[in-house]
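To start, the structure itself, in structure tokens.
If you read the sequence from its start, that first residue is 1, and numbering goes on from there.
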Amino acid sequence: MAATTGKSPVSSSFVQKLNPRTSYCYQDSYSTINLPRRLRRIHSQACNNISSSSDQVPDSVHKQAKAIELQKLIDDDSRDSSISLPRPLTSASLSNLATEGSRLRVAYQGVRGAYSESAAEKAYPNCEAVPCEQFDTAFEAVERWLVDRAVLPIENSLGGSIHRNYDLLLRHRLHIVGEVKLAIRHCLLANPDANLEELKRVLSHPQALAQCENTLTKLGLVREAVDDTAGAAKFIAFHKLKDAGAVASETAARIYGLNILARDIQDDSDNITRFLMLAREPIIPGIDKPFKTSIVFSLEEGPGELFKALAVFAMRNINLTKIESRPLPKQALRAFVDSVRNFPYLFYVDFEASMADQNAQYALGHLEEFATFLRVLGSYPADTGTP
């Protein structure tokens with residue numbers, strides 16, 4: 001479901017460029033106000049409540065706020081005759097934000113102890129990690145200024161892509177400003193008074209259960225899928241279950257007071273999840289470090305169309321790190337452009353180049369000559385460190 005729009009507590013200006021031949025668009029948003037909100041947990045209905053509550057603010061309050069803001073501009077102008085416009089983040093300022101993460105509120109999906117929480121804290125050290133019930137809620141929390149960033153999974157080295165988040169990237173107007181890779185180490189958890197012989201079933205996220213299939217089969221445990229790994233740990237701890245265990249992290253065991261019956265129970269030790277860092281504003285790409293760019297596009301139906309699209313990168317020696325196709329009804333894009341043609345698939349592509357690189361600019365310029373839709377999701381520093 002596309003994000004609903006309501007009254008925003010801040011003012012933003014958007015610059016959008018549409019090519020008459022294609023539906024290629026690039027959007028910059030500039031914002032200067034960061035509203036403090038102290039919510040312990042964001043529920044899916046919370047985002048909808050914001051727009052309705054803002055309607056109830058008296059006009060006098062709005063007028064007073066505008067007067068204060070106008071006076072501030074006048075005072076600033078008296079000190080400096082040129083008022084500089086706010087600028088989008090640069091790759092350098094993104095690094096500064098990571099070290100000054102205490103100022104940031106970062107949304108993730110799940111409850112405390114989730115792997116996504118660890119990824120958020122790795123991406124933005126010392127940040128305030130804010131749990132959200134669903135992926136959609138995390139997207140909307142950023143859009144509605146409840147949080148500053150979101151860190152959400154996009155693919156796992158064993159389980160593959162998280163398709164829901166690919167769809168949400170298109171339906172929302174957030175920008176990818178970074179990525180972080182996290183090594184996933186699953187543990188079998190149980191209550192302190194339970195032992196391995198008493199366990200009959202195990203709860204966890206479907207992907208976590210699939211990643212531990214061999215171990216769980218040997219133990220003869222019935223698998224039950226829940227929304228997230230830490231949620232499974234919280235559930236068995238809250239209900240003091242003796243016949244059920246959970247597949248979750250060591251952090252979850254510590255938070256919910258559970259015993260670790262077995263560590264590293266995943267079938268493959270090379271289990272890594274890639275997370276995307278999302279923000280309201282894009283960063284200005286640079287060439288001082290390895291960059292990655294993510295795009296989504298569609299093509300006319302016909303032989304060789306996809307070959308031509310991929311050739312624009314190959315002929316310029318640009319390496320593709322991922323390609324993902326997603327079926328999407330035509331009406332799903334009506335919120336963005338009116339000239340959508342009848343196509344059955346969208347293609348999501350990641351490539352190793354910065355949009356500051358002329359080669360990348362030429363490649364996308366070439367692609368838009370025959371693509372029916374093209375959107376840059378983000379150009380951001382690649383995570384080249386150890387997961």
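What you find for Ser118 and Leu182 is that their closest heavy atoms are CB-CD2, 4.0 Å. Between Leu367 and Ala309, the closest heavy-atom pair is CD1-CB, 3.7 Å. Contact between Gln109 and Glu133 at its shortest, heavy atoms only, is NE2-O, 3.3 Å. The two atoms that bring Glu352 and Ile318 nearest to each other are O-CG2, 4.3 Å, heavy atoms only. Scanning all heavy atoms of the two residues, the minimum distance from Ala194 to Leu261 falls at O-CD2, 4.5 Å. For the residue pair Pro381 and Lys289, the shortest heavy atom distance occurs at CB-CD, 3.8 Å.
For the residue pair Tyr380/Ser354, the side-chain donor-acceptor check at 3.5 Å is not satisfied. Defined by atom type and a distance below 3.5 Å, a donor-acceptor pair is present between the side-chain atoms of His172 and Glu143. One side chain, Gln211 or Asn156, offers a donor N or O that lies under 3.5 Å from an acceptor on the other. Side-chain polar atoms of Ser161 and Lys322 form a donor-acceptor pair below 3.5 angstrom. Defined by atom type and a distance below 3.5 Å, a donor-acceptor pair is missing between the side-chain atoms of Gln266 and Asn271. Using a 3.5 Å distance cut-off with no hydrogens or angles, the side chains of Glu324 and His163 do pair a donor with an acceptor.
Aromatic rings of His186 and Tyr115 (six-membered ring for Trp) have centroids within the 6.0 Å cut-off, being under it.
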**Request:** Could you please spell out the steps behind the ring pair (Phe, Tyr, Trp, His ring centres under 6.0 Å) verdict for Phe297 and Phe373?
**Result:** CA-CA 5 Å; Phe297 62 90; Phe373 173 81; 9.4 Å; no
**Request:** Output, in order, the C-alpha distance, side-chain angles, deciding distance and verdict of side-chain contact (heavy atoms from CB on, under 4.5 Å) for Leu199 and Leu219.
**Result:** CA-CA 9 Å; Leu199 296 187; Leu219 295 174; over 6 Å; no
**Request:** Give the C-alpha distance, both sets of side-chain angles, the deciding distance and a yes or no for side-chain contact (heavy atoms from CB on, under 4.5 Å) between Tyr124 and Val180.
**Result:** CA-CA 10 Å; Tyr124 299 103; Val180 60; over 6 Å; no
**Asked** Going through the distances and angles, do Asp193 and Lys242 end up as a side-chain contact (heavy atoms from CB on, under 4.5 Å)?
**Response** CA-CA 7 Å; Asp193 55 349; Lys242 290 186 178 181; 3.0 Å; yes
**Message:** Arg105 vs Glu128, test: salt bridge (Lys or Arg N to Asp or Glu O under 4.0 Å). Steps then yes/no.
**Reply:** CA-CA 5 Å; Arg105 305 187 75 227; Glu128 180 187 352; 3.1 Å; yes
**Stepwise salt bridge (Lys or Arg N to Asp or Glu O under 4.0 Å) test for Arg185 and Glu250** = CA-CA 8 Å; Arg185 301 181 62 184; Glu250 184 176 347; over 6 Å; no
**Request:** With salt bridge (Lys or Arg N to Asp or Glu O under 4.0 Å) as the test, would you mind laying out the steps for Arg274 and Asp350 before giving the verdict?
**Result:** CA-CA 13 Å; Arg274 175 174 167 246; Asp350 295 342; 3.2 Å; yes
**Prompt:** After noting the C-alpha distance and the side-chain angles of Arg201 and Glu224, does the key distance pass the salt bridge (Lys or Arg N to Asp or Glu O under 4.0 Å) rule?
**Reply:** CA-CA 7 Å; Arg201 55 198 177 108; Glu224 297 182 12; 3.1 Å; yes
**Request:** Applying side-chain contact (heavy atoms from CB on, under 4.5 Å), run through Arg375 and Leu170 and close with a yes or a no.
**Result:** CA-CA 9 Å; Arg375 177 175 160 194; Leu170 181 67; 4.0 Å; yes
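Considering only heavy atoms from C-beta on, Phe351 stays 4.5 Å or farther from Ile323 through its side chain. You'll find the side chain of Leu152 reaches within 4.5 Å of the side chain of Phe139, heavy atoms only. Looking only at side-chain heavy atoms (C-beta outward), Leu169 and Leu276 come within less than 4.5 Å of each other. Within the 4.5 Å cutoff, the side chain of Thr273 has no heavy atoms near those of the Glu155 side chain. A 4.5 Å side-chain heavy-atom check between Leu299 and Leu306 finds at least one atom pair inside the cut-off. Contact of the Arg223 side chain with the Leu216 side chain is registered, since non-hydrogen atoms from C-beta on lie closer than 4.5 Å. Between Asp228 and Val111 there is a side-chain heavy-atom pair separated by less than 4.5 Å. Side-chain atoms of Tyr345 and Ser298, non-hydrogen and from C-beta on, never get closer than 4.5 Å to each other.
Criterion: ILVMFWY side-chain heavy atoms under 4.5 Å apart, direct or through other members. Under it, Leu168 and Val147 are part of a common hydrophobic cluster. Cluster membership check: Leu158 does not share its hydrophobic cluster with Ile184, using side-chain heavy-atom separations under 4.5 Å among Ile, Leu, Val, Met, Phe, Trp and Tyr. Cluster membership for Val202 and Phe235, using ILVMFWY side-chain heavy atoms within less than 4.5 angstrom, is not shared. In terms of hydrophobic clustering, with Ile, Leu, Val, Met, Phe, Trp and Tyr side chains grouped at heavy-atom distances under 4.5 Å, Met315 and Leu310 are assigned to different clusters. The hydrophobic clustering, which links ILVMFWY residues whose side-chain heavy atoms are closer than 4.5 Å, places Leu203 and Ile260 together.
Between atom CE of residue Met277 and atom NE2 of residue His175 there is a gap of 15.0 Å, rounded to the nearest 0.5 Å. Rounding to the nearest 0.5 angstrom, the gap separating the CD atom in Glu213 from the NZ atom in Lys218 is 12.0 Å. With values rounded to the nearest 0.5 angstrom, Thr251 atom OG1 is found 9.5 Å from Arg112 atom CZ. Taken from CD1 in Ile283 to CD1 in Ile176, the straight-line distance is 10.5 Å, to the nearest 0.5 Å.
In this structure, Tyr108 stands alone, with no Ile, Leu, Val, Met, Phe, Trp or Tyr side-chain heavy atom under 4.5 Å from its own, directly or through other members.
With sequence neighbours left out, Ser204 forms a side-chain contact (heavy atoms from CB on, under 4.5 Å) with Ala208, Leu209, Thr229, Val247. Looking at residues two or more places apart in sequence or on another chain, you find no ring-ring contact (aromatic ring centres under 6.0 Å, His included) involving Phe275.
Panel note: side chain Ser157, backbone Asp270; a donor-acceptor pair is recorded below 3.5 Å. When atom types are taken as modelled, the side chain of Tyr166 and the backbone of Tyr348 share no donor-acceptor pair closer than 3.5 angstrom. Distance alone, capped at 3.5 Å, is enough to place a donor-acceptor pair between the Glu198 side chain and the Asn195 backbone. Checking side-chain atoms of Arg280 against main-chain N and O of Val142 turns up a donor-acceptor pair under 3.5 Å. At least one donor-acceptor pair under 3.5 Å links the side chain of Asp267 to the backbone N or O of Asn214. Remark: the backbone N or O of Gly113 is paired with a side-chain donor or acceptor of Glu117 at under 3.5 angstrom. Formation of a donor-acceptor pair under 3.5 Å by the Asn191 side chain with backbone atoms of Ile236 is found in this model.
Annotation for Ile287: atom CD1 does not count as buried by contact number, only 12 or fewer foreign heavy atoms lying within 6.0 Å. Few gaps surround NZ on Lys292; more than 12 heavy atoms of other groups in view lie less than 6.0 Å from it.
A side-chain contact (heavy atoms from CB on, under 4.5 Å) with Val349 holds for exactly one of Val296, Thr293, Leu377, Leu320; it is Leu320.
Using the six-membered ring where Trp is involved, Phe370 and His366 have ring planes that are perpendicular, over 60° apart on the 30 and 60° scheme.
The pair Asp136-Arg171 does not meet the salt-bridge criterion, since no charged nitrogen lies less than 4.0 angstrom from a carboxylate oxygen.
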